[in-house]
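See structure below.
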Amino acid sequence: MGNFIRPLSERVSYIASDDTWIESNAIQQLSTTASLPDMVQVVGMPDLHPGRGYPVGAAFFSVNRFYPALVGNDIGCGMGLWQTAIPVKRPNLDKLEKRISQMGDFAHSEWLQQHLSDEMMESPFSDALGSVGGGNHFAELQQIDQIYHSDSLNHLGLNPQHLQLLVHSGSRGLGQAILRRHIEHANHSGLTAGTPEAEEYLSEHQQALNFAELNRRLIAHRLLEQIKTTGECLLDISHNLVEATQINGTDGWLHRKGASPANRGPVIIPGSRGDYSYLVMPTTSDISLHSLAHGAGRKWMRTECKGRLSERFSPVQLSRTELGSRVICQDRQLIYEEAPQAYKSIDTVIDSMVGSGLILILARLKPVLTYKTSGGKNE
DNA sequence: ATGTAC
(Lines give C-alpha, C1' and ligand atoms only; values in the text may rest on other atoms or scores of the structure.)
Protein backbone atom coordinates (compact mmCIF):
# COMPACT_ATOMS: atom_id res chain seq x y z
CA MET A 1 0.00 0.00 0.00
CA GLY A 2 2.80 2.39 0.98
CA ASN A 3 4.38 1.76 -2.42
CA PHE A 4 1.65 3.78 -4.05
CA ILE A 5 1.80 6.87 -1.88
CA ARG A 6 4.98 8.76 -2.59
CA PRO A 7 5.93 11.56 -0.22
CA LEU A 8 8.11 14.36 -1.59
CA SER A 9 8.05 16.33 1.67
CA GLU A 10 5.91 16.78 4.78
CA ARG A 11 3.25 18.55 2.76
CA VAL A 12 3.64 17.16 -0.76
CA SER A 13 2.97 13.69 -2.09
CA TYR A 14 1.68 11.90 -5.16
CA ILE A 15 -0.04 8.63 -5.82
CA ALA A 16 1.46 6.31 -8.39
CA SER A 17 2.49 2.70 -8.97
CA ASP A 18 5.94 1.83 -10.33
CA ASP A 19 4.39 1.48 -13.78
CA THR A 20 2.74 4.89 -13.85
CA TRP A 21 4.23 7.48 -16.17
CA ILE A 22 5.08 10.53 -14.07
CA GLU A 23 7.00 13.41 -15.65
CA SER A 24 9.72 15.06 -13.56
CA ASN A 25 8.40 18.40 -14.82
CA ALA A 26 5.05 17.64 -13.21
CA ILE A 27 6.73 16.76 -9.91
CA GLN A 28 8.64 20.02 -10.13
CA GLN A 29 5.42 21.97 -10.68
CA LEU A 30 3.80 20.13 -7.78
CA SER A 31 6.59 21.22 -5.42
CA THR A 32 6.61 24.78 -6.73
CA THR A 33 2.87 25.07 -6.22
CA ALA A 34 3.24 23.71 -2.69
CA SER A 35 5.48 26.65 -1.82
CA LEU A 36 2.84 29.26 -2.66
CA PRO A 37 1.93 31.42 0.37
CA ASP A 38 -0.61 29.76 2.70
CA MET A 39 -0.47 26.45 0.85
CA VAL A 40 -0.78 23.63 3.38
CA GLN A 41 -0.93 20.37 1.50
CA VAL A 42 -0.61 19.15 -2.09
CA VAL A 43 -1.35 15.71 -3.54
CA GLY A 44 -0.68 14.61 -7.11
CA MET A 45 -3.03 12.03 -8.60
CA PRO A 46 -1.65 9.23 -10.82
CA ASP A 47 -2.76 11.14 -13.94
CA LEU A 48 -0.50 14.03 -12.88
CA HIS A 49 1.12 15.82 -15.80
CA PRO A 50 2.65 19.23 -16.50
CA GLY A 51 0.35 22.17 -17.13
CA ARG A 52 0.86 25.85 -17.79
CA GLY A 53 2.80 26.73 -14.67
CA TYR A 54 0.68 24.54 -12.43
CA PRO A 55 0.32 20.79 -12.74
CA VAL A 56 -2.86 19.03 -13.88
CA GLY A 57 -4.19 16.04 -11.96
CA ALA A 58 -3.72 17.33 -8.43
CA ALA A 59 -5.48 18.69 -5.34
CA PHE A 60 -4.25 21.68 -3.33
CA PHE A 61 -5.31 22.71 0.17
CA SER A 62 -4.65 26.26 1.38
CA VAL A 63 -5.71 28.41 4.31
CA ASN A 64 -6.65 32.11 4.47
CA ARG A 65 -6.61 32.52 0.71
CA PHE A 66 -7.33 30.58 -2.44
CA TYR A 67 -5.93 30.68 -5.96
CA PRO A 68 -8.20 31.09 -8.99
CA ALA A 69 -5.21 30.37 -11.24
CA LEU A 70 -4.96 26.88 -9.74
CA VAL A 71 -8.50 26.06 -10.80
CA GLY A 72 -7.58 27.37 -14.23
CA ASN A 73 -9.65 28.71 -17.07
CA ASP A 74 -12.05 25.84 -17.46
CA ILE A 75 -13.91 26.30 -14.18
CA GLY A 76 -16.48 23.54 -13.76
CA CYS A 77 -15.06 21.21 -16.38
CA GLY A 78 -16.20 17.69 -15.65
CA MET A 79 -17.75 14.39 -16.68
CA GLY A 80 -21.40 13.56 -17.15
CA LEU A 81 -22.59 9.99 -17.69
CA TRP A 82 -25.88 9.08 -19.36
CA GLN A 83 -27.69 5.80 -19.74
CA THR A 84 -28.99 5.67 -23.31
CA ALA A 85 -31.71 3.49 -24.80
CA ILE A 86 -29.52 2.15 -27.63
CA PRO A 87 -29.24 -1.63 -27.39
CA VAL A 88 -25.69 -2.97 -27.28
CA LYS A 89 -26.76 -5.88 -29.48
CA ARG A 90 -27.23 -4.09 -32.73
CA PRO A 91 -24.47 -1.57 -32.74
CA ASN A 92 -25.21 -0.05 -36.14
CA LEU A 93 -21.93 1.79 -36.08
CA ASP A 94 -22.19 3.06 -39.65
CA LYS A 95 -25.52 4.64 -38.91
CA LEU A 96 -24.39 6.13 -35.61
CA GLU A 97 -21.25 7.51 -37.19
CA LYS A 98 -23.19 9.03 -40.07
CA ARG A 99 -25.79 10.65 -37.84
CA ILE A 100 -23.30 12.07 -35.36
CA SER A 101 -21.02 13.30 -38.16
CA GLN A 102 -23.96 15.36 -39.39
CA MET A 103 -24.33 17.10 -36.05
CA GLY A 104 -22.87 20.59 -36.08
CA ASP A 105 -20.36 21.50 -33.42
CA PHE A 106 -22.66 24.28 -32.20
CA ALA A 107 -26.37 24.19 -31.50
CA HIS A 108 -28.67 26.25 -33.73
CA SER A 109 -29.85 29.43 -32.07
CA GLU A 110 -33.50 28.34 -32.45
CA TRP A 111 -32.69 25.10 -30.65
CA LEU A 112 -31.01 27.04 -27.85
CA GLN A 113 -33.98 29.38 -27.56
CA GLN A 114 -36.20 26.35 -27.06
CA HIS A 115 -33.98 24.77 -24.45
CA LEU A 116 -32.60 27.71 -22.48
CA SER A 117 -34.18 30.01 -19.93
CA ASP A 118 -34.46 33.68 -20.89
CA GLU A 119 -31.79 34.39 -18.29
CA MET A 120 -29.34 31.93 -19.85
CA MET A 121 -30.02 33.33 -23.32
CA GLU A 122 -28.77 36.67 -21.98
CA SER A 123 -25.32 35.20 -21.28
CA PRO A 124 -22.68 36.48 -23.72
CA PHE A 125 -21.49 32.86 -23.89
CA SER A 126 -24.85 31.19 -24.53
CA ASP A 127 -23.87 30.39 -28.15
CA ALA A 128 -21.38 27.85 -26.82
CA LEU A 129 -23.96 25.96 -24.75
CA GLY A 130 -24.38 22.46 -26.13
CA SER A 131 -20.95 22.46 -27.78
CA VAL A 132 -18.09 20.20 -26.72
CA GLY A 133 -15.22 22.63 -27.31
CA GLY A 134 -11.62 21.63 -28.04
CA GLY A 135 -8.63 20.07 -26.34
CA ASN A 136 -9.43 16.91 -24.40
CA HIS A 137 -13.19 17.47 -24.44
CA PHE A 138 -15.41 14.85 -26.05
CA ALA A 139 -18.74 13.05 -26.12
CA GLU A 140 -18.35 9.28 -26.26
CA LEU A 141 -20.72 6.35 -26.64
CA GLN A 142 -19.51 3.46 -24.53
CA GLN A 143 -20.55 -0.03 -23.61
CA ILE A 144 -20.06 -1.95 -20.40
CA ASP A 145 -17.22 -4.37 -20.97
CA GLN A 146 -16.79 -5.91 -17.55
CA ILE A 147 -18.89 -5.86 -14.41
CA TYR A 148 -17.30 -5.98 -10.97
CA HIS A 149 -20.25 -4.98 -8.76
CA SER A 150 -23.56 -5.73 -10.37
CA ASP A 151 -25.67 -4.42 -7.47
CA SER A 152 -23.99 -1.03 -7.54
CA LEU A 153 -24.61 -0.72 -11.27
CA ASN A 154 -28.29 -1.48 -10.84
CA HIS A 155 -28.49 0.97 -8.00
CA LEU A 156 -26.95 3.68 -10.19
CA GLY A 157 -29.37 2.93 -13.01
CA LEU A 158 -26.78 1.47 -15.38
CA ASN A 159 -28.03 -1.01 -17.91
CA PRO A 160 -25.35 -3.24 -19.48
CA GLN A 161 -27.75 -4.08 -22.33
CA HIS A 162 -27.69 -0.49 -23.55
CA LEU A 163 -24.95 1.97 -24.48
CA GLN A 164 -23.74 4.72 -22.16
CA LEU A 165 -22.85 8.29 -23.15
CA LEU A 166 -19.96 10.06 -21.46
CA VAL A 167 -19.61 13.83 -21.89
CA HIS A 168 -16.42 15.66 -20.93
CA SER A 169 -16.71 19.43 -21.27
CA GLY A 170 -16.67 22.63 -19.30
CA SER A 171 -17.68 26.26 -19.04
CA ARG A 172 -16.25 27.25 -22.46
CA GLY A 173 -15.68 31.00 -22.80
CA LEU A 174 -17.29 31.87 -19.48
CA GLY A 175 -14.68 30.28 -17.21
CA GLN A 176 -11.98 31.77 -19.39
CA ALA A 177 -13.42 35.27 -18.99
CA ILE A 178 -13.79 34.89 -15.21
CA LEU A 179 -10.20 33.78 -14.73
CA ARG A 180 -8.77 36.44 -17.04
CA ARG A 181 -10.54 39.21 -15.17
CA HIS A 182 -9.32 38.02 -11.79
CA ILE A 183 -5.75 37.49 -12.92
CA GLU A 184 -5.74 41.06 -14.28
CA HIS A 185 -6.71 42.32 -10.82
CA ALA A 186 -5.10 39.98 -8.34
CA ASN A 187 -2.27 38.53 -10.43
CA HIS A 188 -1.24 35.06 -9.24
CA SER A 189 -1.13 35.92 -5.55
CA GLY A 190 -4.57 34.52 -4.85
CA LEU A 191 -7.60 36.02 -3.17
CA THR A 192 -7.89 36.54 0.58
CA ALA A 193 -10.92 34.72 1.90
CA GLY A 194 -13.75 37.00 2.98
CA THR A 195 -12.75 39.99 0.86
CA PRO A 196 -15.22 41.39 -1.68
CA GLU A 197 -12.90 40.22 -4.49
CA ALA A 198 -12.94 36.68 -3.13
CA GLU A 199 -16.71 36.69 -2.74
CA GLU A 200 -17.12 38.01 -6.26
CA TYR A 201 -14.89 35.29 -7.69
CA LEU A 202 -16.72 32.57 -5.77
CA SER A 203 -20.03 33.82 -7.05
CA GLU A 204 -18.78 33.79 -10.64
CA HIS A 205 -17.11 30.43 -10.04
CA GLN A 206 -20.53 29.05 -9.00
CA GLN A 207 -22.05 30.45 -12.18
CA ALA A 208 -19.35 28.68 -14.18
CA LEU A 209 -20.06 25.38 -12.39
CA ASN A 210 -23.73 25.74 -13.29
CA PHE A 211 -22.92 26.76 -16.86
CA ALA A 212 -20.59 23.78 -17.34
CA GLU A 213 -23.11 21.29 -15.99
CA LEU A 214 -25.84 22.76 -18.18
CA ASN A 215 -23.45 22.58 -21.13
CA ARG A 216 -22.88 18.86 -20.57
CA ARG A 217 -26.62 18.27 -20.33
CA LEU A 218 -27.24 20.14 -23.55
CA ILE A 219 -24.44 18.29 -25.35
CA ALA A 220 -25.99 14.99 -24.28
CA HIS A 221 -29.46 16.19 -25.22
CA ARG A 222 -28.35 17.29 -28.67
CA LEU A 223 -26.36 14.14 -29.38
CA LEU A 224 -29.10 11.79 -28.16
CA GLU A 225 -31.62 13.71 -30.25
CA GLN A 226 -29.33 13.35 -33.25
CA ILE A 227 -29.32 9.56 -32.93
CA LYS A 228 -33.04 9.47 -32.16
CA THR A 229 -32.84 8.08 -28.69
CA THR A 230 -33.27 9.19 -25.10
CA GLY A 231 -31.06 9.09 -22.06
CA GLU A 232 -30.99 9.50 -18.31
CA CYS A 233 -28.23 11.35 -16.50
CA LEU A 234 -26.66 9.04 -13.93
CA LEU A 235 -23.91 11.26 -12.61
CA ASP A 236 -22.22 14.59 -13.26
CA ILE A 237 -18.98 15.49 -11.54
CA SER A 238 -16.69 18.47 -11.93
CA HIS A 239 -12.92 18.14 -11.61
CA ASN A 240 -11.89 21.82 -11.85
CA LEU A 241 -13.10 23.76 -8.84
CA VAL A 242 -12.28 25.28 -5.46
CA GLU A 243 -14.38 24.91 -2.32
CA ALA A 244 -14.31 25.71 1.37
CA THR A 245 -13.46 22.50 3.21
CA GLN A 246 -12.16 21.30 6.53
CA ILE A 247 -9.10 19.04 6.37
CA ASN A 248 -7.84 17.45 9.61
CA GLY A 249 -9.76 20.00 11.64
CA THR A 250 -8.44 22.98 9.68
CA ASP A 251 -10.76 25.23 7.73
CA GLY A 252 -9.38 26.07 4.32
CA TRP A 253 -9.74 25.91 0.57
CA LEU A 254 -9.55 22.76 -1.49
CA HIS A 255 -8.59 23.29 -5.12
CA ARG A 256 -9.03 20.51 -7.63
CA LYS A 257 -7.30 20.83 -10.97
CA GLY A 258 -8.02 17.77 -13.06
CA ALA A 259 -8.96 15.89 -9.92
CA SER A 260 -12.35 14.30 -9.31
CA PRO A 261 -13.99 14.54 -5.88
CA ALA A 262 -13.77 11.32 -3.87
CA ASN A 263 -16.56 12.30 -1.49
CA ARG A 264 -19.57 12.53 -3.79
CA GLY A 265 -20.30 8.94 -4.67
CA PRO A 266 -19.36 7.00 -7.81
CA VAL A 267 -16.98 8.55 -10.33
CA ILE A 268 -16.27 7.78 -13.98
CA ILE A 269 -12.59 7.93 -14.95
CA PRO A 270 -12.04 7.74 -18.70
CA GLY A 271 -8.89 6.61 -20.45
CA SER A 272 -7.93 7.98 -23.86
CA ARG A 273 -10.33 7.52 -26.77
CA GLY A 274 -8.57 4.21 -27.50
CA ASP A 275 -8.65 2.93 -23.95
CA TYR A 276 -11.16 1.82 -21.31
CA SER A 277 -13.09 3.98 -18.86
CA TYR A 278 -13.65 2.87 -15.29
CA LEU A 279 -16.65 3.47 -13.11
CA VAL A 280 -15.34 3.44 -9.55
CA MET A 281 -16.53 3.87 -5.99
CA PRO A 282 -14.26 5.99 -3.80
CA THR A 283 -13.41 4.26 -0.50
CA THR A 284 -10.96 6.08 1.75
CA SER A 285 -10.03 9.57 0.60
CA ASP A 286 -8.19 11.22 3.48
CA ILE A 287 -4.78 10.40 1.98
CA SER A 288 -5.62 12.14 -1.31
CA LEU A 289 -7.33 15.37 -0.19
CA HIS A 290 -10.65 13.70 -1.01
CA SER A 291 -9.70 13.49 -4.66
CA LEU A 292 -9.06 11.02 -7.48
CA ALA A 293 -7.54 11.02 -10.96
CA HIS A 294 -9.89 12.51 -13.53
CA GLY A 295 -8.57 10.55 -16.49
CA ALA A 296 -5.45 8.94 -17.89
CA GLY A 297 -3.39 12.14 -18.04
CA ARG A 298 -1.25 13.26 -20.93
CA LYS A 299 2.06 11.54 -21.62
CA TRP A 300 3.14 13.73 -24.54
CA MET A 301 2.90 17.48 -24.97
CA ARG A 302 0.35 18.58 -27.55
CA THR A 303 3.07 20.21 -29.66
CA GLU A 304 5.03 16.99 -30.13
CA CYS A 305 2.18 14.63 -31.07
CA LYS A 306 1.88 15.29 -34.77
CA GLY A 307 5.62 15.02 -35.29
CA ARG A 308 5.75 11.69 -33.47
CA LEU A 309 2.74 10.13 -35.19
CA SER A 310 2.11 11.59 -38.65
CA GLU A 311 4.71 9.41 -40.39
CA ARG A 312 3.26 6.22 -38.94
CA PHE A 313 -0.45 7.03 -38.94
CA SER A 314 -2.82 8.94 -41.24
CA PRO A 315 -5.85 10.75 -39.81
CA VAL A 316 -8.04 8.00 -41.32
CA GLN A 317 -6.07 5.32 -39.48
CA LEU A 318 -6.43 7.29 -36.25
CA SER A 319 -10.21 7.42 -36.72
CA ARG A 320 -10.29 3.75 -35.69
CA THR A 321 -8.90 2.48 -32.38
CA GLU A 322 -7.47 -0.80 -31.16
CA LEU A 323 -10.62 -1.42 -29.13
CA GLY A 324 -12.68 -1.27 -32.33
CA SER A 325 -14.19 2.15 -31.71
CA ARG A 326 -14.56 5.03 -34.14
CA VAL A 327 -13.52 8.65 -33.83
CA ILE A 328 -15.20 11.68 -35.36
CA CYS A 329 -12.60 14.44 -35.44
CA GLN A 330 -12.42 16.67 -38.49
CA ASP A 331 -9.47 18.57 -37.08
CA ARG A 332 -6.10 17.37 -38.37
CA GLN A 333 -4.21 18.83 -35.46
CA LEU A 334 -6.53 17.60 -32.75
CA ILE A 335 -6.71 14.04 -34.07
CA TYR A 336 -2.96 13.71 -33.40
CA GLU A 337 -2.97 15.65 -30.14
CA GLU A 338 -5.64 13.38 -28.71
CA ALA A 339 -4.25 10.10 -30.04
CA PRO A 340 -4.22 7.24 -27.52
CA GLN A 341 -0.42 7.17 -27.77
CA ALA A 342 -0.33 10.68 -26.27
CA TYR A 343 -1.95 9.45 -23.04
CA LYS A 344 -0.90 7.29 -20.13
CA SER A 345 -2.32 3.80 -19.82
CA ILE A 346 -5.55 4.08 -17.84
CA ASP A 347 -4.84 0.71 -16.21
CA THR A 348 -1.72 2.08 -14.51
CA VAL A 349 -3.74 5.04 -13.22
CA ILE A 350 -6.53 2.81 -11.91
CA ASP A 351 -4.07 0.28 -10.43
CA SER A 352 -2.39 3.11 -8.53
CA MET A 353 -5.67 4.06 -6.88
CA VAL A 354 -6.78 0.49 -6.20
CA GLY A 355 -3.34 -0.21 -4.74
CA SER A 356 -3.46 2.79 -2.45
CA GLY A 357 -6.93 1.83 -1.25
CA LEU A 358 -8.67 4.83 -2.78
CA ILE A 359 -11.22 3.08 -4.98
CA LEU A 360 -13.21 -0.02 -5.73
CA ILE A 361 -13.87 -0.76 -9.41
CA LEU A 362 -17.56 -1.13 -10.25
CA ALA A 363 -17.33 -1.59 -14.02
CA ARG A 364 -15.09 -1.23 -17.02
CA LEU A 365 -16.48 0.40 -20.14
CA LYS A 366 -15.06 0.41 -23.64
CA PRO A 367 -15.38 3.16 -26.22
CA VAL A 368 -17.77 2.66 -29.13
CA LEU A 369 -17.69 6.05 -30.82
CA THR A 370 -15.92 9.26 -29.83
CA TYR A 371 -17.19 12.62 -31.01
CA LYS A 372 -14.69 15.49 -31.02
CA THR A 373 -15.62 17.77 -33.89
CA SER A 374 -17.60 17.33 -37.10
CA GLY A 375 -15.89 20.37 -38.57
CA GLY A 376 -19.20 22.08 -39.33
CA LYS A 377 -20.20 25.15 -37.39
CA ASN A 378 -23.83 24.19 -37.82
CA GLU A 379 -25.99 21.64 -39.66
C1' DA B 1 -8.55 25.26 -22.09
C1' DT B 2 -10.18 29.59 -25.21
C1' DG B 3 -15.22 34.40 -29.44
C1' DT B 4 -7.09 32.03 -30.53
C1' DA B 5 -2.24 37.29 -30.25
C1' DC B 6 1.22 41.63 -32.62
Side-chain angles (χ1 to χ4, degrees), chain A residues 26 29 33 47-58 60 67-80 104-109 112 116 120-139 167-184 188 201 204-205 207-209 211-216 218-219 237-242 255-260 270 272-273 294-306 329-339 342-343 370-373 375-378:
Chain A
Q29 288 184 340
T33 311
D47 59 338
L48 182 77
H49 61 94
R52 297 200 52 151
Y54 309 109
V56 181
F60 313 91
Y67 293 88
L70 276 184
V71 176
N73 59 327
D74 199 359
I75 305 162
C77 184
M79 308 280 177
D105 288 337
F106 289 85
H108 284 112
S109 56
L112 284 175
L116 294 183
M120 265 300 168
M121 283 301 291
E122 299 282 301
S123 164
F125 302 96
S126 65
D127 288 359
L129 282 166
S131 68
V132 170
N136 57 1
H137 292 172
F138 62 81
V167 175
H168 177 199
S169 190
S171 55
R172 313 289 277 105
L174 176 60
Q176 165 97 319
I178 294 170
L179 178 64
R180 186 170 37 77
R181 225 160 52 70
H182 281 276
I183 293 297
E184 277 168 8
H188 285 256
Y201 173 81
E204 293 177 358
H205 170 277
Q207 284 175 36
L209 296 190
F211 188 98
E213 183 175 344
L214 175 62
N215 187 33
R216 288 186 288 273
L218 293 171
I219 291 163
I237 292 176
S238 171
H239 49 237
N240 287 352
L241 72 162
V242 58
H255 310 66
R256 292 192 182 90
K257 174 60 173 176
S260 288
S272 75
R273 70 186 184 214
H294 78 311
R298 292 199 73 83
K299 197 165 69 176
W300 297 349
M301 287 190 303
R302 290 188 177 278
T303 47
E304 64 182 322
C305 296
K306 198 167 180 183
C329 182
Q330 302 299 336
D331 179 326
R332 291 183 71 89
Q333 190 71 25
L334 194 57
I335 201 162
Y336 287 106
E337 289 180 1
E338 290 295 310
Y343 281 86
T370 309
Y371 174 81
K372 298 287 287 180
T373 166
K377 183 160 173 62
N378 257 314

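In what follows, every chain begins at residue 1, and chains take the letters A, B, ... in the order their sequences are listed.
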Rounded to whole Å, how long is the line connecting atom [atom1] of [X] with atom [atom2] of [N]?
{"X": "A:Asn240", "N": "B:dT2", "atom1": "CG", "atom2": "P", "value": "11 Å"}
{"X": "A:Asn215", "N": "B:dT2", "atom1": "CG", "atom2": "P", "value": "9 Å"}
{"X": "A:Glu337", "N": "B:dT2", "atom1": "CD", "atom2": "P", "value": "12 Å"}
{"X": "A:Asp127", "N": "B:dT2", "atom1": "CG", "atom2": "P", "value": "15 Å"}
{"X": "A:Ile75", "N": "B:dT2", "atom1": "CD1", "atom2": "P", "value": "12 Å"}
{"X": "A:Leu334", "N": "B:dT2", "atom1": "CG", "atom2": "P", "value": "10 Å"}
{"X": "A:Asp74", "N": "B:dT4", "atom1": "CG", "atom2": "C1'", "value": "15 Å"}

(request) Identify whether the distance between the nearest side-chain nitrogen and carboxylate oxygen of A:Glu338 and A:Lys372 falls below 4.0 Å. (result)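 Looking at A:Lys372 together with A:Glu338, the answer is yes, because their closest N to O distance falls below 4.0 Å.
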Under 4.0 Å, counting only non-hydrogen atoms across every strand here, what does [X] touch: a base, just sugar-phosphate, or nothing?
{"X": "A:Arg172", "answer": "sugar-phosphate"}
{"X": "A:Gly133", "answer": "sugar-phosphate"}
{"X": "A:Gly72", "answer": "nothing"}

(message) Let me confirm one number: the OG-CG distance from A:Ser109 to A:Asp127, rounded to the nearest 0.5 Å.
(response)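 A:Ser109 atom OG to A:Asp127 atom CG measures 8.0 Å (nearest 0.5 Å).
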(message) Angle between ring planes, A:His168 versus A:His239, binned at 30° and 60°: parallel, tilted or perpendicular?
(response) perpendicular
(request) Starting from the C-alpha separation in whole Å, work towards a yes-or-no answer on side chain to side chain donor-acceptor pair (under 3.5 Å) for A:Asp74 and A:His137. (result) CA-CA 11 Å; A:Asp74 199 359; A:His137 292 172; 3.0 Å; yes
